[in-house]
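Because only heavy atoms are used, hydrogens play no part in the values below, and waters and symmetry mates are left out as well, while side chains stay in. Both counts, for ligands and for their atoms, begin at 1 and track the order of listing.
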Amino acid sequence: MKILVLGAGVIGVTTAYALGRAGHEVTVLDKADDVAQITSNANGAQLAYSYAEPFACPETLKKLPGYLLGKDPGISMKLTGDLGFYRWGLTFIRNCTRARETENLHAMLTLAAKSSAAMQQLARELPQGIMSQSPSGKLILTRTQDELNAYGALADIKENYGLPIQMLDKSACIDVEPALAHWQGDFCGGLYAKGDSVLEPIAFCKALQSVGVQKYAVTYKFNHDILRLQMNGGSVSGVVTDKGVFDCEAVVLCLGNDANAFLKSIQDKQNIYPMQGYSLTLPLGDHPPQTSITDPKNKFVFAKIGDKIRIAGLLDANLPDTEIAKRGQHLLETARKYWPGAANYDAEINLWSGRRPMTPSSLPIVRPGKIDGLYYNIGHGSLGLTLAAGCAELITDMIAEN
Ligand SMILES: Cc1cc2nc3c(=O)[nH]c(=O)nc-3n(C[C@H](O)[C@H](O)[C@H](O)COP(=O)(O)OP(=O)(O)OC[C@H]3O[C@@H](n4cnc5c(N)ncnc54)[C@H](O)[C@@H]3O)c2cc1C
């Protein structure tokens, strides 16, 4: 089948690869001049299958007033004139019950398990080194025994999905990651997921692009601004860009935060809201970690990517762009305070900021769209890199079934 994939972020590139491998004639369109130029660019690089959990839960609901009043240094949500924020917020609140949290958790873990298996398959198909450039394992630090127990309560559920996590006390955490001996804050233990790992998103997208082009004749058209869908008798027949019309039999929408601008032309709107985050990429310090370390209190993660450390995190809604440098500085100073040996904080600061396309449930929207021949693979929020491979297979299966 002749298929257009709209968007060359990690979701579009992974989807195009899976469709090409399934024997389709695939063209990817993007307005940028290369893959992974927007939200997929310098994210936290985590393949965090074992931590695929919804943001909406009773505990988050309790903290919401603090986020709105600017009391939490890690998460800030400002009021805005954009009604989309309130529509999103109301649905988010409805997802904060324990019952909805549990339902969303199971759905996310199903996707995570599928993605983990699909990513292992990709590792066998891509050039060696791409998927194994960083050591595996992820550790979430907990400040109190109650916090450790709360995370640990999910261990059995995760085990059932083939995503085991271990509860470790402080000294066992330091055995797993000796550089934690230099951590300057309190922690009583942590949750360790041996199967989680680090994947540099640009290298991954470029490898998928290159193998997809060579092996499955996937075509990439950059610098093409996608304008709208072209239809024939109620079905998709093509996509109109600023450089002309591309005919097709099916379209997969992977436009991240810009999905709704495209959907306007068919009077559709999905509940996706951009939530800003930040990353710093720095040279290694004197005691760099080998394992990914997440500090939920400060809302950031440390990941070793080759000879660099990436520190990523924070979550802001409706923050003006003029505040980006300030938030980057906050990330830098907090990381330096808690883990002075992890990175060389005095080197040139490589600050990046991106907006997670978040849904209220944290579940991505992976399903057929409003028009015959249109499919959605959008709303990947905080876990697009982690869930990309499984969602690409889901879309490929849906197209095969229709
Ligand atoms: C700070 C931060 C840290 C993160 N860390 C992690 C992590 O550790 N692990 C993880 O799994 N996820 C992480 N994420 C989330 C992850 O980065 C996203 O879920 C993912 O990048 C979304 O990918 P996407 O392809 O949907 O969107 P994008 O990467 O934004 O791709 C959308 C593409 O559509 C194109 N486009 C848009 N409009 C048009 C148009 N009109 N015409 C043509 N092209 C268009 C854009 O150019 C872009 O290439 C993080 C996100 C942030 C912000």
Side-chain angles (χ1 to χ4, degrees), residues 4-16 28-49 51-52 108 111-112 115-116 119 138 196-202 204-205 220-228 239-243 246 252-265 272 274-281 292 294 299-303 305 310-316 324 327-328 331 351-359 362 364-366 376-392:
L4 293 177
V5 172
L6 309 188
V10 69
I11 301 302
V13 172
T14 315
T15 304
V28 185
L29 302 173
D30 201 294
K31 66 181 173 188
D33 58 7
D34 206 345
V35 294
Q37 292 303 291
I38 309 296
T39 319
S40 308
N41 191 260
N43 66 22
Q46 304 290 294
L47 292 177
Y49 308 115
Y51 298 104
M108 288 186 83
L111 277 181
S115 296
S116 171
M119 201 56 107
K138 178 174 170 72
D196 288 3
S197 59
V198 166
L199 178 64
E200 204 287 307
I202 299 180
F204 174 60
C205 288
Y220 279 80
K221 301 272 184 197
F222 294 110
N223 302 305
H224 280 63
D225 194 357
I226 296 158
L227 303 176
R228 61 186 162 78
V239 165
V240 182
T241 75
D242 63 341
K243 305 252 170 25
F246 290 78
V252 187
L253 184 65
C254 307
L255 291 178
N257 286 307
D258 293 317
N260 276 327
F262 176 80
L263 289 174
K264 231 182 210 165
S265 66
I272 296 173
M275 301 278 174
Q276 191 119 20
Y278 313 83
S279 78
L280 304 162
T281 307
S292 285
T294 293
K299 316 281 183 313
F300 58 38
V301 60
F302 292 78
I305 304 176
R310 178 154 303 157
I311 304 165
L314 312 184
L315 187 142
D316 296 327
I324 289 176
R327 293 299 273 159
L331 189 59
L351 170 64
W352 171 83
S353 176
R355 293 185 168 97
R356 307 167 181 91
M358 302 268 292
T359 62
S362 299
I365 301 164
V366 188
Y376 299 162
N377 195 357
I378 51 178
H380 282 269
S382 300
L383 284 172
L385 181 65
T386 304
L387 302 182
C391 294

In the protein, which heavy atom is nearest to [atom], and how far is it?
atom: atom 25 (O) of ligand 1; answer: Ile11 N, 3.2 Å
atom: atom 15 (C) of ligand 1; answer: Gly381 O, 3.1 Å
atom: atom 27 (O) of ligand 1; answer: Gly256 CA, 3.8 Å
atom: atom 31 (O) of ligand 1; answer: Gly9 CA, 3.5 Å
atom: atom 42 (N) of ligand 1; answer: Ile226 N, 2.8 Å
atom: atom 45 (C) of ligand 1; answer: Leu255 CD2, 3.5 Å
atom: atom 50 (C) of ligand 1; answer: Asn43 CB, 3.4 Å
atom: atom 30 (O) of ligand 1; answer: Thr39 OG1, 2.9 Å

When you measure from [atom] to each heavy atom in [options], which option holds the nearest one?
atom: atom 49 (O) of ligand 1; options: Ile38, Asp30, Leu385; answer: Asp30
atom: atom 44 (N) of ligand 1; options: Arg355, Lys31, Gln276, Arg310; answer: Lys31
atom: atom 23 (O) of ligand 1; options: Ser40, Gly384, Pro274, Ala52; answer: Ser40

Lys299 atom NZ, neighbour heavy-atom count above 12 within 6.0 Å =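 Yes, because the 6.0 Å sphere around NZ of Lys299 holds more than 12 heavy atoms from other groups.
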
Is it true that a side-chain atom of Ser40 and a backbone atom of Val10 form a donor plus acceptor pair closer than 3.5 Å?
->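 The answer is yes, because a donor-acceptor pair under 3.5 Å joins these two groups.
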
[X] to [Y] - nearest heavy-atom pair and separation:
X: Ser292; Y: Ala303; answer: OG-CB, 3.9 Å
X: Thr386; Y: Gln46; answer: OG1-O, 3.0 Å
X: Ile305; Y: Val198; answer: CG1-CG1, 3.9 Å
X: Asp30; Y: Gly9; answer: OD2-N, 4.2 Å

[Y] and [X], any side-chain heavy atoms less than 4.5 Å apart:
X: Cys391; Y: His380; answer: yes
X: Asp196; Y: Leu47; answer: no
X: Met108; Y: Leu383; answer: yes
X: Trp352; Y: Thr281; answer: no

Just jot down the ligand 1 atoms closer than 4.0 angstrom to any heavy atom of [X], in number order.
X: Gly44; answer: 3 (C), 4 (C), 5 (N), 6 (C), 7 (C), 8 (O)
X: His380; answer: 19 (O)
X: Asp225; answer: 40 (C), 41 (N), 42 (N)
X: Thr386; answer: 9 (N), 10 (C), 11 (O)
X: Gly7; answer: 33 (C), 34 (O)

Of the backbone atoms (N, CA, C, O) and the side-chain heavy atoms from C-beta on, which set of [X] has a member under 4.0 Å from an atom of ligand 1: side chain, backbone, both, or neither?
X: Ser353; answer: neither
X: Ala36; answer: neither
X: Asp258; answer: side chain
X: Ser382; answer: backbone
X: Tyr278; answer: backbone
X: Gln37; answer: neither

With sequence neighbours left out, write down each residue that passes salt bridge (Lys or Arg N to Asp or Glu O under 4.0 Å) with Asp225, or none if nothing qualifies.
->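 Testing Asp225 for salt bridge (Lys or Arg N to Asp or Glu O under 4.0 Å), a comparison that skips the adjacent residues, returns none.
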
Identify which one of Arg228, His224, Lys31, Lys221 satisfies the side-chain contact (heavy atoms from CB on, under 4.5 Å) criterion when paired with Thr241.
->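 So, applying the side-chain contact (heavy atoms from CB on, under 4.5 Å) to Thr241 and each of Arg228, His224, Lys31, Lys221, only His224 qualifies.
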
Passing candidate, side-chain contact (heavy atoms from CB on, under 4.5 Å) with Met119, options Leu387, Thr14, Leu199 |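 Passing option: Leu199.
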
Answer yes or no: does an N/O atom from [X] fall short of 3.5 Å to an N/O atom of ligand 1?
X: Met275; answer: no
X: Trp352; answer: no
X: Gln46; answer: yes
X: Leu29; answer: no
X: Gly277; answer: no
X: Pro357; answer: no

Results of side chain to side chain contact (heavy atoms under 4.5 Å, CB included) for Thr294 - residues two or more places apart only |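 Per chain and number, Thr294 pairs via side chain to side chain contact (heavy atoms under 4.5 Å, CB included) with Lys138, Ile140, Pro296, Val301.
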
Whether Ala48 lies under 4.0 Å from ligand 1, heavy atom =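 Flag not set, Ala48 not near ligand 1.
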
Has His224 got any heavy atom lying under 4.0 angstrom from an atom of ligand 1?
->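 Under 4.0 Å: yes for His224.
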
Pairwise distance CE(Met358) to CG(Asn257) - rounded to 0.5 angstrom |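 If we round to the nearest 0.5 Å, Met358:CE and Asn257:CG are 11.0 Å apart.
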
From OG (Ser116) to CG (Leu111), nearest 0.5 Å |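 Rounded to the nearest 0.5 Å, the OG-CG separation comes to 12.5 Å.
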
Classify the angle between the aromatic ring planes of Tyr220 and Phe222 as parallel (below 30°), tilted (30 to 60°) or perpendicular (above 60°).
->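 Tyr220 vs Phe222 ring planes: parallel.
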
